[in-house]
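The block underneath contains the structure these notes are about, expressed in structure tokens.
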Amino acid sequence: MHATGGAADVVDAGGQGGPGRSRYVGPYVLITGLDDSHSRIPVPERRYVARSADGEHTVLLSLPGTGGDPRRFLAEAEASRYLLGPSAAPATAFSGPGEPAWYARPYQPALPLPTVLAVHGGPLPERTVRALGVALAETLTVVHGQGLTFAGVSPAAVLCAADMPRLTCFGAVRAAAPDGTPRSGLPGLEPGSLPPEQASGGRPRPLGDVYALGATLAYAATGHTTPERDEIPADIRTVIARCLSRDPGDRPQLNEVIDELAGDPAPDETGAESRSAALLTPGWLPGRVIAALAHQAAAVLAAELPAVSAPAAHPSHSRN
């Protein structure tokens with residue numbers, strides 16, 4: 001069953017509680033993988049659509065990426081529960097003491113940005129790129145206002161739902177390696193989205209999120225995180241190029257990114273959130289993507305839980 005419009009349907013939790021193909025992680029049954037196994041875009045986590053054994057709750061469940069440190073992975077997941085912002089996707093349930101690392105958040109039909117481009121058949125329309133950029137920049141503005149650095153923005157971290165994008169993989173850069181350790185070339189980190197100062201081991205800071213946002217928007221507009229300047233549509237070329245400045249001091253502030261991508265607000269628009277609301281209207285995602293989201297939702301709804309014995313029950317360790 002391909003519930004994700006191109007994602008792999010192998011549900012293998014091997015390495016997270018023993019060898020073999022286990023369909024149970026904590027209290028959840030894995031239904032399908034979220035990410036396309038054929039994509040060349042690295043994903044920091046192994047992500048699945050899963051359902052509680054009683055069938056009551058469907059979640060997006062994440063496991064550490066291959067070679068990842070489960071302790072750092074879980075620490076970042078725990079920190080994500082405090083995230084605010086319209087496109088933030090905080091974790092709501094976690095593995096317990098002594099249990100292999102996992103975390104979950106409520107499921108809603110969504111496709112990773114690389115899958116969106118694959119479904120669409122290439123780079124996305126400028127309207128979609130602008131809407132993505134404003135929504136993500138608004139959320140990063142809130143995150144930075146909380147005194148946090150996201151340190152995980154990349155194409156794979158962006159999940160596109162019908163109403164708006166969601167930003168996942170919080171702290172993926174920090175989880176990959178501690179500060180002071182070079183991160184260039186580490187598994188799960190998309191090299192074009194990794195700010196130079198973080199690649200060399202520097203502490204993630206807000207202007208690094210601006211760089212990663214620029215790379216993600218470049219990917220949405222061209223299919224590459226490091227395109228030639230003239231590949232980027234002319235009207236958004238300058239702001240994306242500024243985001244990708246190697247010197248953090250040359251990168252724009254997020255309010256500048258929002259202003260450049262959103263254009264002039266309507267007379268009745270006074271709040272920051274209204275800038276993305278004006279762009280995230282019907283049609284912001286291409287029709288093929290909407291159809292793929294509908295297909296995913298139907299496939300997940302119709303999925304039958306496997307007829308295998310469940311492991312001993314684990315608490316979900318939900319956080320409020």
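Sequential numbering from 1 along the given sequence is applied to the chain's residues. This structure is a prediction, so every number in the text was calculated from the model and none was measured.
Listed for the S200 side chain is no donor-acceptor partner under 3.5 Å among the backbone atoms of P182.
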*Go through the steps for R40 and D36 under the test salt bridge (charged side-chain N to carboxylate O under 4.0 Å, His left out), then give the verdict.*
CA-CA 9 Å; R40 291 179 291 181; D36 186 348; over 6 Å; no
*With salt bridge (charged side-chain N to carboxylate O under 4.0 Å, His left out) as the test, would you mind laying out the steps for R275 and D259 before giving the verdict?*
CA-CA 9 Å; R275 306 296 292 276; D259 287 343; 3.1 Å; yes
*asked:* Test side-chain contact (heavy atoms from CB on, under 4.5 Å) on T115 and D35; report intermediate values, then the result.
replied: CA-CA 7 Å; T115 304; D35 297 284; 5.6 Å; no
_Pair T141, N255 - check side-chain contact (heavy atoms from CB on, under 4.5 Å), show working._
CA-CA 8 Å; T141 298; N255 65 309; over 6 Å; no
_Worked verdict on L113 versus I41 for side-chain contact (heavy atoms from CB on, under 4.5 Å)_ = CA-CA 10 Å; L113 186 57; I41 299 297; over 6 Å; no
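Looking at D179 and P204, their side chains come closer than 4.5 Å, going by heavy atoms from C-beta outward. The closest side-chain heavy-atom distance from L217 to C243 is not below 4.5 Å. Contact check for V210 versus R242: no side-chain heavy atoms found under the 4.5 Å cut-off. Contact annotation: the side chain of T225 approaches that of P155 to within less than 4.5 Å [non-hydrogen atoms, C-beta and beyond]. Side-chain contact between W284 and P165 is present, with heavy atoms from C-beta onward closer than 4.5 Å. Using a 4.5 Å heavy-atom cutoff, the side chains of L60 and L159 are in contact. When side chains are defined from C-beta on, L280 does not count as touching D163, because their heavy atoms never get closer than 4.5 Å.
Here CD of E78 is found 12.0 Å from CZ of F170. Values are rounded to the nearest 0.5 Å. To the nearest 0.5 Å, atoms CG (L261) and CG (L136) are separated by 10.0 Å. Taken to the nearest 0.5 Å, the OG1 atom of T66 stands 5.5 Å off from the CZ atom of R46. Rounded to the nearest 0.5 Å, atoms CD1 (I290) and CG (L111) are 9.0 Å apart. Taking OH from Y219 and CG from L132, the interatomic distance works out to 12.0 Å, rounded to the nearest 0.5 Å.
Classification of E126 and R130 as a salt-bridged pair holds, one side-chain N sitting under 4.0 Å from a carboxylate O. With salt bridges taken as basic N to acidic carboxylate O contacts below 4.0 Å, none links E45 and R105.
Shown here for A156 and P112, the closest heavy-atom pair between the two residues is O-CB, 4.4 Å. Residues P114 and S39 share a closest heavy-atom pair of CB-OG, 3.9 Å. P86 and E138 get closest at one heavy-atom pair: CG-OE1, 4.5 Å. Contact detail for A77 and A91: the closest heavy-atom pair is O-CB, 3.7 Å.
W102 pairs with exactly one of F94, F73, Y28, Y48 by the ring pair (Phe, Tyr, Trp, His ring centres under 6.0 Å) rule, that one being Y28.
Atom CZ of R288 is surrounded by 12 or fewer heavy atoms from other residues, nucleotides or ligands within 6.0 Å.
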